[in-house]
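The structure presented is a predicted model; accordingly, all values stated were derived computationally and were not measured. All chains are named by letter (A, B, ...) in the order of the sequence lines, taking the proteins before the strands, and each is independently numbered beginning at 1.
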There are 2 protein chains.
Amino acid sequence: MSEAYVTILTSDNYLPGALVLARSLRELGTTKKLVVLTTDLSDASTRFLGEVYDELIEVETLESSLFEQLHELNRPELFRTYTKIALWKLTQFSKIVYLDADLLPVQNIDELFDIELSPETKIAAAPDSGWPDIFNSGLFVTLPDLSVYSGLIDLSEEPNASFDGADQGLFNEYFHSGENTPNRWHRLPFIYNVTPSSGYQYSPAYKRFQKDIKAVHFIGVNKPWLTRDGYGFASSFLPGGGGFDTLFEI
Amino acid sequence: MSEAYVTILTSDNYLPGALVLARSLRELGTTKKLVVLTTDLSDASTRFLGEVYDELIEVETLESSLFEQLHELNRPELFRTYTKIALWKLTQFSKIVYLDADLLPVQNIDELFDIELSPETKIAAAPDSGWPDIFNSGLFVTLPDLSVYSGLIDLSEEPNASFDGADQGLFNEYFHSGENTPNRWHRLPFIYNVTPSSGYQYSPAYKRFQKDIKAVHFIGVNKPWLTRDGYGFASSFLPGGGGFDTLFEI
Ligand SMILES: O=c1ccn([C@@H]2O[C@H](COP(=O)(O)OP(=O)(O)O)[C@@H](O)[C@H]2O)c(=O)[nH]1
Ligand SMILES: O=c1ccn([C@@H]2O[C@H](COP(=O)(O)OP(=O)(O)O)[C@@H](O)[C@H]2O)c(=O)[nH]1
Ligand SMILES: [Mn+2]
Ligand SMILES: [Mn+2]
């Protein structure tokens, strides 16, 4: 069975991220399949995606109703990130590496497919820099598994299941096993999912470990493709060299 | 041989922190000795410390000359934090838990003395929330050891030994063993050294895990005792109930 990188696009406005992501993976020489799960996209987006992804899979939108938590997070647009649960239904793949559309690999990361998972440790992910005992849900290695799928669906229906209202809070709750037992997630090095932070300790460490970084993750509302410079940057990766204007037409 | 909590005071202006720290440890029922390493303190500070610490040990100041890095960190006042190296000379203690003066335990943490260290893993500490693959040097468990002491002194004399110019960069360099080998530090849960951060992921996780928190750490230039409210808070812990004015007299 095949292994795949999978990302997700629940809205057109993350398209530049998804295109840059696929381009980077290919330019870094991946040998794996590139898959994107889609919901509610325009035909233009679908066409663009078709040029860089091996497979587009339309899935149903799964929405969080924890609007209060999402509001406190200042990220109401994350209400559809529960759609990531669909990943565990992709049993046509033996193993997947999930990547957010705002994640940018800068070195080949195919070695992530070699990570051994087990019934006790069903997911591998990097620590979240806001609270390093939970994982950041922007990159993870996992095995599609229908029992995990139903477990996550069931959990998502419990009141206040996710502590941040989005997928990260839900998945950490599911793959966490409580105070005195070991974590049920395999801790990847932070270099696989580097999220810039404003803490004064970040910048010297960043300089020190910069050469080891495998992927950066543009978390937060200010995605690089929303600025003029970032747009130019992203569009240079477009199939056919599209450019700034092509993207604006979408 | 005895076990001790050890903190350090290289200047009078961190005194409120050191007093609150000792008070909290006692109120939380510690059975361990409380020790403070001092350099350059006023007589008034020494007297106050004498009322809450079991032992004051005057040590030599060890200074970092990496002013450029400290300047970039915006923390020039950390140039004397190399003085922490003196901890490994305290061979009168069989095991120490080092705590920064700006760290506030909120639950008894004596269980930290039960952590097993080894020649491969000579230190236990919690991840730094800016870069979670290094440890925060505000709390750690270690064994005094003269060979570690000289190793750290030797390393500190190499050019650019510390990537942040302070003790955290130096210690992480020393207790780190490079890319493909496991870390040489034992990872404590973040709840032992919780540093607030401005990332939007911090606050929901904080709420979720708040009840488990063992100690909070007021990193950065804005220490709680530098604000009027914080001053009041700190001074309520003073021996004899000292109060705001007593502290200002120092
Ligand atoms: O409006 C949206 C919000 C999210 N996403 C997808 O969900 C992921 C998670 O959201 P985001 O990366 O913004 O969360 P953050 O990493 O900032 O917490 C994105 O990378 C996209 O893959 C999307 O397609 N459209
Ligand atoms: O002027 C100073 C600076 C530091 N310290 C001691 O060194 C520790 C480390 O400094 P700080 O806590 O300010 O560093 P941060 O945790 O903010 O990185 C302090 O907690 C004190 O114990 C001190 O006594 N005086
Ligand atoms: Mn993201
Ligand atoms: Mn500190």
What pair of heavy atoms forms the shortest contact from [X] to [Y], and how long is it?
X      : Y      : result
B:F163 : A:A205 : CE1-CA, 3.9 Å
B:I219 : A:Y200 : CB-OH, 3.5 Å
B:Y206 : A:W131 : CA-CZ3, 3.6 Å
B:D133 : A:I191 : OD2-N, 4.2 Å

Check whether any side-chain heavy atom of A:R75 lies under 4.5 Å from a side-chain heavy atom of B:Q201, and answer yes or no.
no
Got B:F190 and A:I134 here, is their nearest side-chain heavy-atom distance under 4.5 Å?
no
Approximate separation, where rounding is to 0.5 Å, of B:Y202 OH and A:D164 CG:
15.0 Å
Residue A:N222 excluded, over 12 heavy atoms near CG under 6.0 Å:
no
Quick check on A:E111: does its CD atom have over 12 non-hydrogen neighbours (other residues, nucleotides or ligands) under 6.0 Å away?
yes
Side chain, backbone, both or neither: which part of A:Q69 has an atom under 4.5 Å from a heavy atom of chain B?
neither
With a 4.5 angstrom heavy-atom cut-off, is it the side chain or the backbone of B:L73 that approaches chain A, or both, or neither?
both
Check whether B:Q168 gets within reach of chain A through its side chain, its backbone, both or neither, counting any heavy atom under 4.5 Å.
side chain
Pick from A:S129, A:G199, A:S197, A:G220 with the largest number of heavy-atom pairs that fall under 4.5 Å of chain B
A:S129
